[in-house]
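Step one of this worksheet: look at the structure below.
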Amino acid sequence: MLNVSVLTDPGFCPHSLNKYASIMACGNGYMGIRAAHEEDYTQQTRGMYLAGLYHRAGRNETTELVNLPDITGIEVELDGVNFTLLSGDIIEWQRELAFANGELRRSVIWRSPDGKRYRLESRRFVSLDQLPLVAMQLAITPLDAASQVVMKTGIDATQTNTGRQHLDEISVRVFDQHYMQGVYETQNRASEVVVSAFCQLSAKSDSCFTAKNRRVSAHYCLTIPQGDTVTLDKIVWVAHRSDKALSQESFARRALADLKVCAARGYDALLESSACAWQEVWRNARVEVDSTEHQDQMALDYAVWHLTAMTPAHDERSSIAAKGLTGGGYKGHVFWDTEIFLLPFHLFTRPQVARNLLRYRWLNLAGAREKARRNGWPGALFPWESASSGKEETPEFAAINIRTGMRQKVASALAEHHIVADIAWAVVAYWQATHDDAFMRNEGLTLLMETAAFWMGRATEINGRLEIHDVIGPDEYTEHVNNNAYTNYLAWHNVACARRFMAMFGREDARFTENATRFLTRLWLPEANSDGVIPQDDTFMAKPAIDLSRYKAKAGKQTILLDYSRAEVNDMQILKQADVVMLTYLLPERFTPQQCAANLAFYEPRTIHDSSLSKDIHGIVTARCGDTEGAYAFWRDGVAIDLGDDPHSCDDGIHAAATGAIWSGVIQGFAGMQIVEGELHLAPSLPAHWRRLAFPLRWRNATLHFTYENEVLTIETTTPVTLTLWGKTLRVSVRKVCAYKDFLAPVNGTATTEGRHDA
């Protein structure tokens, strides 16, 4: 087995319960379960989510990812004392998530207020090879004397989304001595969830079942001799459907039958099967770094773990929520994060998954067309926040101002239209990396044409040219501006690619082509000034700048809004996150290296980085500008968003986009990987304390593996591939070893070589 990192919880702390519940969550893309402790704590938020299972609970409510009935809770009473780490003493503690096989483990020796010591060991995993399967164990050992132990566990449907209940309990059943089942339905009757659980104790006990107040529970009472260990096994099958092909009774019966097959195999055998599936993930996607900072490898393994656990590879009708499947933050909605920050990982490791994520947008085109039509524009205007349909899910209003009683309208859905071009950019990137003509001929071209039609209708004729007015760029601290550079350049790219691919695939439409040509000729693209700086929008350069250092020191906290109103921030040179810098990252071929450096130098001091999306993009552009150490500092700051010291950094779920940025920061930053004019480029340059970097990539029909060490890059490929390395194009058939010094510019007329060809 690969020596994959283990993520540890350093010690029980009531203040960080929800942070660790998020970052140590288990998942498989179908289901995610927060790493809540088995015993209850008031501050602790439990959560189990299924990809794509959304519901809107009532009038003026927002569609949200449903928090399902809890299956992980276990109440334990030891010699008449409730087990809780808030009382007594913790003698020994170990809690870890093993990324290699996906198992969450905890071992604690606890001394009760009565002075008696007990060892409690729990194990848990969500299966990667059988998606509806969850398995748990809890083992109890009395250390000082025989102990009277009471345990209670089951299916707890009292869970809510911050107080809002989405599921109706249809039925609860118990079967023989070991099985229980709950059948639930969303209140709009659109979806059903069947939770089936098998519970078995390793020793004889007095046992019974109860069903009360939306809980069905198994109760066990027994005496455990001193030094003996009793283990509770719990195997759970969580089935979900939106179609009604089977009767409800037949669907529930089938779920129970599937559970029985798993229960017969037992915890260890089920874990072994899941571990084999995880081994395949690590073989195909793991990035290895030899660094003097061991946390660097941990961060990369953490990223790949969550990028796999959050992604519904099984279902093209679902996409990736902003918090993955680790919490209810942002209501479980899908943003531009998916295409810009998360899709690249899948594109270069699991391209079929990237295809599915784009088909999610294609399948939801009807809602995007309707939103555009409703606003008086042609084509498709994708919602800023999406769920299971193409409808706009962004809340209409923000929180109520408790001083004025007024609600502020949320502007993102009204004007943050760059998501349309972001999706188009991802479609083009997918085709460039895969040459999947079948996709481009059907879904891809449709997406490009519909999004291009939107921009051609969205543009305004003014000043003898076409402009795009009243938008919000990625910098969300600057609202309702004209000619946001990011939006205009990406819209131009969107229309240009639609025209090019229509011609490439023989989709003739003379009127569309004529309109596209006019748009591309006349759209205003903000121009760089004499210093190479591109104005973020029409008014940005005329606004005053202030010293942001104390706000940057608390990046992510939005402390600027404690001192200034949104209107005041809007009227100053203050960025929430990368905007023009993001543009140079996405379209590197449009700008010279000098322009990229100039915009980075100008905009970074004006950027607070109050979004988790910001620092890693600055890091990648910094690396491309030749400052590897500066890029590393940005990368480490991006890692710290979830893995840093803040005990509440991700209480309501991890920052999904930040995990994608961890991967991209290394591959697109330090490895220098980018697509330029449709071709693969690499230019590795490592931080000083990194001795070695190794990673796999998928590129068109080839599976490649790169190893960079001592300024020598070894390339291995399954099929011949052409790529550009440090600015020089070469072809690799099987294996090639390339020394960086051989790619340096000629000195005194000495020619460079392409590298050493070993096979």
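No hydrogens, no waters, no symmetry mates; every other heavy atom, side chains included, goes into these values. The residues of the chain are indexed from 1 along the displayed sequence.
For the atom pair OH (Y551) and CD1 (I560), the distance works out to 4.5 Å, reported to the nearest 0.5 Å. Rounded to the nearest 0.5 angstrom, I340 CD1 and M582 CE are separated by 7.0 Å. Rounding to the nearest 0.5 Å places CZ of R34 at 9.0 Å from CG of N67. If you take CG on D579 and OG1 on T478, they are separated by 7.5 Å, rounding to the nearest 0.5 Å. With rounding to the nearest 0.5 Å, the separation of CG in D296 from CD in E288 is 14.0 Å. L693 contributes atom CG, which lies 11.0 Å from atom OG of S685 (distance to the nearest 0.5 angstrom).
When ring centroids are compared, F454 and H417 come within the 6.0 Å threshold. If you look at W305 and W663, their ring centroids are not closer than 6.0 Å. If you look at W336 and F341, their ring centroids are closer than 6.0 Å. A distance below 6.0 Å separates the ring centres of Y486 and H418. Checked against the 6.0 Å centroid threshold, W492 and W455 do not count as a close aromatic pair. Aromatic rings of F439 and W431 (six-membered ring for Trp) have centroids beyond the 6.0 Å cut-off, not under it. A ring-centre distance under 6.0 Å is found for Y603 and F540.
Side chains of R355 and D436 form a contact here, defined as non-hydrogen atoms less than 4.5 Å apart. Side chains of V621 and P588 form no contact here, defined as non-hydrogen atoms less than 4.5 Å apart. Contact check for I320 versus V334: no side-chain heavy atoms found under the 4.5 Å cut-off. At least one side-chain heavy atom of L128 sits less than 4.5 Å from a side-chain heavy atom of V281. Here the side chains of K576 and I608 are not in contact, with every heavy-atom distance at 4.5 Å or above. Contact check for T707 versus R692: side-chain heavy atoms found under the 4.5 Å cut-off.
Contact between A321 and A656 at its shortest, heavy atoms only, is O-CB, 3.7 Å. Minimum heavy-atom separation, I534 to V580: O-CG2, 3.9 Å.
The only option from H306, M24, M310 that meets the side-chain contact (heavy atoms from CB on, under 4.5 Å) definition with T326 turns out to be H306. When the options E385, K323, E64 are evaluated for a side-chain contact (heavy atoms from CB on, under 4.5 Å) with K331, the one that passes is E64. With respect to R361, the salt bridge (Lys or Arg N to Asp or Glu O under 4.0 Å) criterion is satisfied by exactly one of E316, E443, E339: E339.
Donor-acceptor pairing under 3.5 Å is recorded for the side chains of H609 and S614. Side chain to side chain, Q297 and S5 fail the donor-acceptor criterion of an N or O pair below 3.5 Å. Using modelled atom types and a 3.5 Å distance limit, the side chains of H681 and E679 yield no donor-acceptor pair. Checking Y585 against H618 by side-chain atom types alone, no donor-acceptor pair falls below 3.5 Å. For the residue pair E293/S291, the side-chain donor-acceptor check at 3.5 Å is not satisfied. Looking only at atom types and distance, the side chain of T451 has a donor-acceptor partner in the side chain of N494 under 3.5 Å away. Using modelled atom types, one finds a donor on one side chain and an acceptor on the other under 3.5 Å when comparing D610 with Y477. Judged purely by distance below 3.5 Å, without hydrogens or angles, the side chains of N484 and T487 pair a donor atom with an acceptor atom. Between the side chains of N161 and Y49, no donor-acceptor pair of N or O atoms lies under 3.5 Å. No hydrogens or angles considered: nothing links the side chains of H333 and S386 as a donor-acceptor pair under 3.5 Å.
Salt-bridge formation is not detected for the pair D651/K19: no Lys NZ or Arg NE/NH1/NH2 atom is positioned less than 4.0 Å from an Asp or Glu carboxylate oxygen.
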- Please report the C-alpha distance between I33 and L104 in whole Å, then the side-chain angles of each, then the deciding distance to 0.1 Å, and finally whether the side chain to side chain contact (heavy atoms under 4.5 Å, CB included) criterion is met. CA-CA 11 Å; I33 299 180; L104 176 67; over 6 Å; no
- Would you check, one step at a time, whether the test side chain to side chain contact (heavy atoms under 4.5 Å, CB included) holds for Y54 with V66? CA-CA 6 Å; Y54 293 92; V66 177; 5.7 Å; no
- Does the side chain to side chain contact (heavy atoms under 4.5 Å, CB included) test come out yes or no for V581 and E604, once each step is laid out? CA-CA 8 Å; V581 173; E604 199 287 325; over 6 Å; no
- Go through D642 and Y302 one step at a time and tell me if the side chain to side chain contact (heavy atoms under 4.5 Å, CB included) criterion holds. CA-CA 10 Å; D642 282 347; Y302 169 85; 3.2 Å; yes
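With sequence neighbours excluded, no residue satisfies side-chain hydrogen bond (donor to acceptor under 3.5 Å, both in side chains) with R317.
Both the sub-6.0 Å distance and the 45° axial angle are not jointly satisfied by R636 relative to the ring of F634.
Atom NZ of K391 has 12 or fewer heavy atoms from other residues, nucleotides or ligands within 6.0 Å.
Using bins of under 30°, 30° to 60° and over 60° for the plane-to-plane angle, the ring pair F670/Y632 lands in the tilted bin.
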